[in-house]
Amino acid sequence: MTTTSPPSASAAGAVYDRGYRPYEGPRGGRRAATFALYRASIRRALGIRRSWRQKVAPFTLLAIVTVPAIVNVGIAYVTRDEIGERVQIITYREYVGVSSALLVFVAITAPDILCPDRRQRVLPLLFARPLTGVDYVAAKVGALFSILFAFSFLPQVVLFVGQALVSNSALDYTRNHADVLWKVPVSVALLAAFYSVLGAAISSLTSRRIVAGASFIGLFLVSSITAGVLVGDVEEKATGSAAALINVLGLPLFLRDLVFLGHIDPESRLKGVENGGLYAVVAYTVALAIGILVLLRRYRWMER
Amino acid sequence: MVETSLLHLDEVTKRYGSVTALDSLSADVPLGRIGVVGANGAGKTTLFRILLGLARPTSGSVEVRGMSVAADPIGVRSHLGYMPEHECLPLDQTAADIVGTFGEIGGLPARAARQRASDVLDLVGLDEARFRPIGGFSTGMRQRAKLAQALVGDPELVLLDEPTAGLDPAGREEMLSLVARLGTFGISVLMATHLLDDVQQVCDHVLMIDAGRLVVSGPTEALLERTGVVTVDVGGIPAAERLISELAVLGVVAEMVDGAVEMPVEGDDDLDLLRDVIAKLDLPLYRLGSRLTSLDDVFMQRSGHG
């Protein structure tokens with residue numbers, strides 16, 4: 001004879017009101033808050049925890065900027081047995097350049113991580129946390145800088161590693177190009193810092209992403225064209241002009257040349273200008289300082 | 001500073017040019033649920049900004065739980081939660097993501113922030129909707145999400161600016177019920193509103209502000225006075241009409257207010273009469289109580305507008 005046991009209480013179900021549980025764990029201060037905002041901004045820029053559409057722009061950019069490195073390594077591999085100097089379509093110095101893809105990325109990403117905070121009035125929530133205006137700026141610019149640095153540095157790593165592997169001796173290649181190991185990160189950092197600060201500063205001036213993006217592109221186009229008109233055709237002249245510094249686009253590239261060559265590129269618009277290198281450093285620093293001042297002023301967390 | 005004091009305001013004045021937003025506000029506010037009442041432009045939001053350290057008073061000092069806001073605004077904010085009146089949540093992020101992120105930015109470790117986000121979203125009734133973008137939320141849901149981000153850091157004091165704004169009556173009752181529960185969790189509430197009914201329903205203590213000046217500060221119950229009128233609920237308008245008619249026959253003037261009967265009483269005899277009439281008519285008695293002055297009456301009286 002079988003016996004059945006009564007159904008257990010758990011089978012009947014139960015409703016639990018957990019109520020409110022206080023938090024008794026560790027708490028971070030300003031530094032933790034800033035780092036959390038930095039991480040959240042990177043996630044936003046890369047489309048993490050957002051729809052697949054938000055991931056298209058950043059990862060397309062990464063693919064685009066990595067293509068020259070892959071092509072270069074591929075050509076080097078194909079021509080590895082040929083006598084004479086290997087064909088190289090791009091040098092490390094030239095690769096630290098401003099590509100249209102990078103500019104478009106900054107024009108899209110900087111407004112995307114700054115403008116919504118103002119447009120959707122999120123700033124009061126952020127500044128109700130242990131966060132100051134300086135922390136906010138540091139987190140946002142830091143996020144932009146990290147992404148721009150990574151997206152500019154990674155292709156260089158692909159290029160260097162690829163070239164080393166297709167060379168006769170990877171060790172010899174590395175030894176012969178040891179200077180690249182510091183010149184590239186320094187130049188990339190100078191470029192990333194410049195565009196992250198300027199992109200953020202322009203984005204801070206408006207709550208509309210499209211206005212910020214268009215303004216960013218517009219600033220560079222207008223300054224580039226203006227400098228071009230004022231300097232004229234450099235190839236026909238022995239000396240360039242300090243007016244080349246009006247081209248905001250070109251300022252990080254002058255510093256790149258100083259890092260790689262120790263002097264201004266003899267084919268640039270600043271060629272032959274006395275103290276041109278010093279002027280380029282000053283102009284770069286002034287532009288950066290103006291950008292930072294604009295940011296600190298726009299994100300004053302306490303009204304005066 | 002006494003242990004049970006939540007806020008200490010000492011002659012707090014805030015001027016914006018020729019406009020005085022707050023004028024010599026002084027008050028000692030105890031722990032609990034506090035209503036900050038005033039019309040639009042009375043200075044409620046300015047007071048909140050000063051408590052958060054986002055605005056510096058022109059003169060005077062503010063302490064929150066014994067901490068000087070001027071000396072350590074960041075430290076004070078570590079113990080506060082804030083729910084603004086306006087829309088303020090990113091529309092393209094999920095509730096879980098937003099609340100968790102604000103938890104991290106409030107200083108919680110990432111894992112703890114995600115767990116806390118889940119807990120507070122459950123508390124405010126958004127557990128099933130937490131993975132939906134905020135953009136798809138109704139007004140009531142967005143208000144609750146705003147409250148959740150204010151609670152995720154387990155604050156000692158939460159500042160709620162017009163928490164029932166834009167809500168329908170059912171949503172308003174739900175929000176007020178949530179706010180009332182916060183007090184039972186040991187979280188003090190400072191609720192700014194122009195709706196005196198909300199304060200009367202939820203708050204233990206009231207600060208009334210008019211044109212930047214403190215009109216009155218005190219326990220809600222102490223501000224309300226007995227009027228010598230009783231309110232009787234006999235279960236609906238038809239029953240109330242019968243009661244009023246019968247009382248009129250006996251020479252007692254009673255009137256219907258919001259489906260209930262209000263009748264003046266001077267002593268126990270009047271109450272006995274009322275009891276006997278109700279029993280004679282065989283009416284149910286759901287509620288019998290003294291009608292108190294409303295906070296509306298108190299505000300109008302004390303501010304000189306009445």
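Throughout, a chain's letter reflects where its sequence line sits, starting with A, and its residues are numbered from 1.
With a threshold of 4.5 angstrom between heavy atoms, A:L123 does not approach chain B through any atom at all. Heavy atoms closer than 4.5 Å to chain B are found nowhere in A:R31, neither backbone nor side chain. B:I187 touches chain A through its side chain: at least one heavy atom from C-beta onward sits under 4.5 Å away, while N, CA, C and O do not. Residue B:L123 touches chain A through its side chain alone, counting heavy-atom pairs closer than 4.5 Å.
Residues B:L91 and A:R119 are not in side-chain contact: their nearest non-hydrogen atoms beyond the backbone lie 4.5 Å or more apart. A:R27 is listed as a side-chain neighbour of B:D154, based on a closest heavy-atom distance under 4.5 Å. Using a 4.5 Å heavy-atom threshold, the side chains of B:Q93 and A:R43 count as separate. Taking the side chain as every heavy atom from C-beta outward, B:D92 and A:Q54 never approach each other to under 4.5 Å.
Most heavy-atom pairs under 4.5 Å with chain A, from the set B:T94, B:V76, B:D97: that is B:D97. Looking only at heavy-atom pairs under 4.5 Å with chain A, the residue among B:G106, B:S78, B:G75 that has the most is B:G106. Put simply, of B:K146, B:H86, B:E87, the one with the most heavy-atom pairs under 4.5 Å next to chain A is B:H86. Contact tally against chain B (heavy-atom pairs below 4.5 Å) for A:A36, A:S51, A:P116, A:A32: the top residue is A:A36.
Surrounding CZ of B:R213 are at most 12 heavy atoms belonging to other residues, nucleotides or ligands under 6.0 Å away. Enclosure of atom CG in A:L221 by more than 12 non-hydrogen atoms of other residues, nucleotides or ligands within 6.0 angstrom is indicated. Within a 6.0 Å sphere centred on CZ of B:R132, other residues, nucleotides and ligands contribute more than 12 heavy atoms.
Between A:P130 and the options B:I105, B:L80, B:I74, a side chain to side chain contact (heavy atoms under 4.5 Å, CB included) holds for only B:I74.
Note that CZ of B:F185 and CZ of A:R21 are 12.0 Å apart. Values are rounded to the nearest 0.5 Å. Note that CZ of A:R121 is 8.5 Å distant from CD of B:E85, once rounded to the nearest 0.5 Å. Taking SG from B:C88 and CG from A:D117, the interatomic distance works out to 11.5 Å, rounded to the nearest 0.5 Å. Note that CZ of A:R49 is 5.5 Å distant from OG1 of B:T101, once rounded to the nearest 0.5 Å. Atoms CZ and CG, on A:F127 and B:L52 in that order, are 12.5 Å from each other to the nearest 0.5 Å.
Between B:L89 and A:Q120 the shortest heavy-atom distance is O-OE1, 3.7 Å. For B:F102 against A:V122, the heavy-atom pair with the smallest separation is CZ-CG1, 3.7 Å. Contact between B:A112 and A:Y23 at its shortest, heavy atoms only, is CB-CE1, 3.7 Å.
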